[in-house]
> 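Have a look at the structure that comes next, please.
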2 protein chains.
Amino acid sequence: MSQKEKTTIYDISRALNISAATVSRALNNSNRVSTKTRELVLKTAKAFNYQQNSLAVALKSGRTFNVGVVVPFINRAFFASVIRGIEEELEPKGYHVIICQTHEDASKEARQLQALLNTHIDGVFISVSKSTEDLKHLQAVLQSKIPLIFFDRKKDLKGVSAVSIDDFQGAYDAVTHLVEQGYTKIVHLGSDRKLNIYEDRYRGYIAALKAHGISSRNLFTLQMSSTIESGIEAVNQLYDSQTDFDAIFCASDYIALGCVQELRSRGIQVPQEIGVVGFSNEPFTSHLEHPLSTVGQTPVLMGKIAAQVFLEQINAGKDSDPIEKSVVLKPELFIRSTSLKKGTL
Amino acid sequence: MSQKEKTTIYDISRALNISAATVSRALNNSNRVSTKTRELVLKTAKAFNYQQNSLAVALKSGRTFNVGVVVPFINRAFFASVIRGIEEELEPKGYHVIICQTHEDASKEARQLQALLNTHIDGVFISVSKSTEDLKHLQAVLQSKIPLIFFDRKKDLKGVSAVSIDDFQGAYDAVTHLVEQGYTKIVHLGSDRKLNIYEDRYRGYIAALKAHGISSRNLFTLQMSSTIESGIEAVNQLYDSQTDFDAIFCASDYIALGCVQELRSRGIQVPQEIGVVGFSNEPFTSHLEHPLSTVGQTPVLMGKIAAQVFLEQINAGKDSDPIEKSVVLKPELFIRSTSLKKGTL
DNA sequence: TTGTACGCGTTATCAC
DNA sequence: GTGATAACGCGTACAA
């Protein structure tokens, strides 16, 4: 009744007095089997509660139906949501998602990738760590003919597809929104521009100011880490240096939150005196008493698209030329209360 | 130079004119190999950049060094953090974490578990879905002699270890804190008590009131889903029914946030008139303008402990009697501004 | 249409 | 100490 031992195709073949090969064929819908035997096999397979041993299939075929996802941290809303998107898209196709986190450590990233390669995953999704500069470990994936897909944070690498949001546009839209609200002296608080996403946001900021005829004299930027503390410090710095500003566009929600906190504690009205916009649409931004305006990155969608790109590459065949596809998602501007100079709350 | 094809022990054996068996022994530190050959093997293995094929090992040994983690949703701070804890503890031991989400759907949970079983994972960590009542799929894991470990949300199942926090104590501490702050008419807004965690929080609430001599006349509870909307609705209901209360202990941070929002929009002072405490220490709670008091569940630690319990079971041997270990973690009460009647802010 | 034989890469058992 | 051989479970040329 309760079969502890897994039944194999041999069990079925013995019970039916046919060869294991025939059983395999019947199970795999080969047309080289008579309908009669196929039905017989299928029936006894069900009766025996047969489950294909995916390990053996993997060893034989080279496909494991596992994919790896490498992110800096798994318990960050953005990354967790991307993973969710990937999982939801791939799970119905029989894939499993193996997760790895790098803690923003390039050497750990390299080790994780090596380990993944060794377990014969069918594909790798990665958002590179901040410290990643050497690209050897990524090239190793390519050499193994394994589809590699960047999401959000990417590097320049030939033959690698990438899914990201238009960070330039996101920044552009955010700054344009601030201008439309009547802010004219807009500061940008960004982060490490070695990462494409922060560079693009910076450029979007510059372009928007230019497009709206704001003199470059009123252009002011700082680079910092994405933390509340940095935001607080930045505001202090702005006042210490007597910078003349009436709005802050931040490349991170955490920086933005720090700004709002420090501005309020200085008795400054947000958004009446100073407007603030963040980036990422972290969950907390909408729960604040004065919800934070921010740029959303549609992370679940990003994961789903990345998964679709992966499936395309798989379907194109292992040995076909690598498809280099670049999908750029539209950011969503969430206009909430910290940037409404004109608006009625 | 760049070997596209993976090198196998046969490549090494041929190069050295020895048998593959000897190579295997040398690689596995068997003492039945001469030191000379071992060194030779090790050297050429390195030269060939040999990587053990884990698939073959898995097929042979039955161990995959993969574990499955099944959660309702991956992009919830609590679950993502538990997974992070598991990953951090198991990754150094060579394990990979495969994630699955159930969307709180019992049938999906069953399918996920079946799929995991079929990929021959070495263990399963699960926080059951709200809708799970039938336990067949969990028993199937046990029958396969695969370690099964509950975390946070658990079911009564013999031979299954569980790691959870002391929800009773967490609730007890929270309510005690409210009492100490001078609140006396404390309402409890809970959630589905079919889930052990909500039942325990409910009991902790009751016990604390009793312990502090609060008449059961002043005991009032409601059951709802864990959403902001439910919290808002609950407050409305409390006023509509003219319930006399001065504090709310919520089994969820989202409910608590809804309460605070609705109370404030009614012009009621929190915490001066009504105190509020939530549960889970969701990230947003500390970012609020008036940070929410709440009970923390040490999720990363929970994951780490769960991983350790798993390792113990693995080390105890596959066929040893299942260890049924129950680890109960201490909750952390985060006293913030929504419950400080006495306190100066 | 079906059966035979082999290989995927490794480890374990038995000889020598 | 080392080598041949079988086995893990499956898919698939090749032969019949």
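Here is how names work: the chains are called A, B, and so on, in the same order as the sequence lines, proteins then strands, and each is numbered from 1.
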> Looking at B:Q51, I'd like to know whether one of its side-chain N or O atoms comes within less than 4.0 Å of OP1 or OP2 on C:dG9.
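For C:dG9, OP1/OP2 do not have a side-chain N/O of B:Q51 under 4.0 Å.
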> Just the rounded figure in Å: distance from P of C:dA12 to CD1 of B:I9.
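One finds 11 Å between P of C:dA12 and CD1 of B:I9, rounded.
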> Report yes if a side-chain nitrogen or oxygen of A:N28 is closer than 4.0 Å to either non-bridging phosphate oxygen (OP1 or OP2) of D:dG11; otherwise report no.
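Yes, such a contact exists.
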> Rounding to an integer number of Å, can you tell me how far A:D11 CG sits from D:dC10 C1'?
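Going from CG in A:D11 over to C1' in D:dC10 covers 13 Å.
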> When only distance counts, do a donor and an acceptor, one from the side chain of B:K60 and one from the base of C:dA12, lie under 3.5 Å apart?
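In this structure, the two groups form no donor-acceptor pair.
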> Describe the nucleic acid contact of B:L55 in one word from base, sugar-phosphate, nothing, applying a heavy-atom distance below 4.0 Å.
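No contact at all - B:L55 keeps every heavy atom at 4.0 Å or more from the nucleic acid.
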> Nearest whole angstrom, please: distance from the C1' of D:dC10 to the CG of A:L27.
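These atoms are roughly 10 Å apart.
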> Side-chain donor or acceptor of B:K6 under 3.5 Å from a matching atom on the base of C:dG9?
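Flag unset: no donor-acceptor pair detected.
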> Starting at the 5' end of DNA chain C, which residue's closest nucleotide do you reach first, A:V33 or A:Y10?
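Result: A:V33.
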> With a cut-off of less than 4.0 Å, is there a side-chain N or O of B:T8 near OP1 or OP2 of C:dG9?
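Checking B:T8 against C:dG9: no side-chain N or O falls below 4.0 Å of OP1 or OP2.
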> OP1, OP2 of C:dG9 versus side-chain N and O of B:S24: anything below 4.0 Å?
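False: B:S24 side-chain N/O out of range (4.0 Å or more) of C:dG9 OP1/OP2.
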> Under 3.5 Å, is there any donor-acceptor pair linking the side chain of B:R38 to the base of D:dG1?
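Flag unset: no donor-acceptor pair detected.
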> In whole angstroms, how far is the P atom of C:dT4 from the CG atom of A:N17?
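So the CG-P distance, A:N17 to C:dT4, works out to 11 Å.
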> Is any side-chain N or O of B:T22 closer than 4.0 Å to OP1 or OP2 of D:dG1?
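False: B:T22 side-chain N/O out of range (4.0 Å or more) of D:dG1 OP1/OP2.
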> Are A:R153 and A:E104 close enough for a salt bridge, meaning some N to O gap below 4.0 Å?
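Looking at A:R153 and A:E104, the cut-off is met.
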> In whole angstrom, give the distance that lies between atom CG of A:N53 and atom P of D:dC8.
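Atom-to-atom, A:N53 to D:dC8, this comes out as 11 Å.
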> Does B:S19 put a side-chain nitrogen or oxygen below 4.0 Å from OP1 or OP2 of D:dG3?
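The answer is yes; a side-chain N or O of B:S19 sits under 4.0 Å from OP1 or OP2.
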> Tell me whether the rings of A:F310 and A:Y95 are parallel (<30°), tilted (30 to 60°) or perpendicular (>60°).
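Perpendicular: the ring planes of A:F310 and A:Y95 meet at over 60°.
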> Take the protein atom CZ of B:R25 and the nucleotide atom C1' of C:dA15, then report the distance between them rounded to whole Å.
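Spelled out: CZ on B:R25 to C1' on C:dA15 is 11 Å.
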> May I ask you to check whether B:F151 and B:F125 place their ring centres under 6.0 Å from each other?
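Ring centres of B:F151 and B:F125 not closer than 6.0 Å.
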> Identify, between A:A20 and A:L59, the residue whose nearest nucleotide on DNA chain C lies closer to the 5' end.
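Result: A:A20.
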> C:dG3 base to A:R32 side chain: any donor-acceptor pair below 3.5 Å?
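Side chain to base: no pair below 3.5 Å.
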> Taking the basic N atoms (NZ, or NE/NH1/NH2) and the acidic carboxylate oxygens, is any pair closer than 4.0 Å for A:E91 and B:K108?
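So A:E91 pairs with B:K108 through a salt bridge.
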> Could you check how far CG of B:L40 sits from C1' of D:dT2, rounded to whole Å?
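Distance check: B:L40 CG to D:dT2 C1' gives 14 Å.
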> Using whole Å, what does the distance between atom P of nucleotide C:dG9 and atom CD1 of B:I12 come to?
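Result: 13 Å.
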> Which comes earlier along DNA chain D counting from the 5' end, the contact point of B:A56 or that of B:T35, where each point is its nearest nucleotide?
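Its nearest nucleotide being more 5', the pick is B:T35.
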> Would you please confirm or rule out a distance under 4.0 Å between OP1 or OP2 of D:dT2 and any side-chain N or O of B:S34?
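B:S34 to D:dT2 OP1/OP2: side-chain N or O found under 4.0 Å.
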> Take atom NZ in B:K325; do more than 12 heavy atoms of anything else shown fall under 6.0 Å from it?
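12 or below, so no.
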> Restricting to non-hydrogen atoms, name the atom on A:K155 and the atom on A:V128 that form the minimum distance, rounded to 0.1 Å.
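Between these two residues, the closest heavy atoms are CE-CG2, 3.9 Å.
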> Looking at A:S30, I'd like to know whether one of its side-chain N or O atoms comes within less than 4.0 Å of OP1 or OP2 on D:dT12.
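No, outside the criterion.
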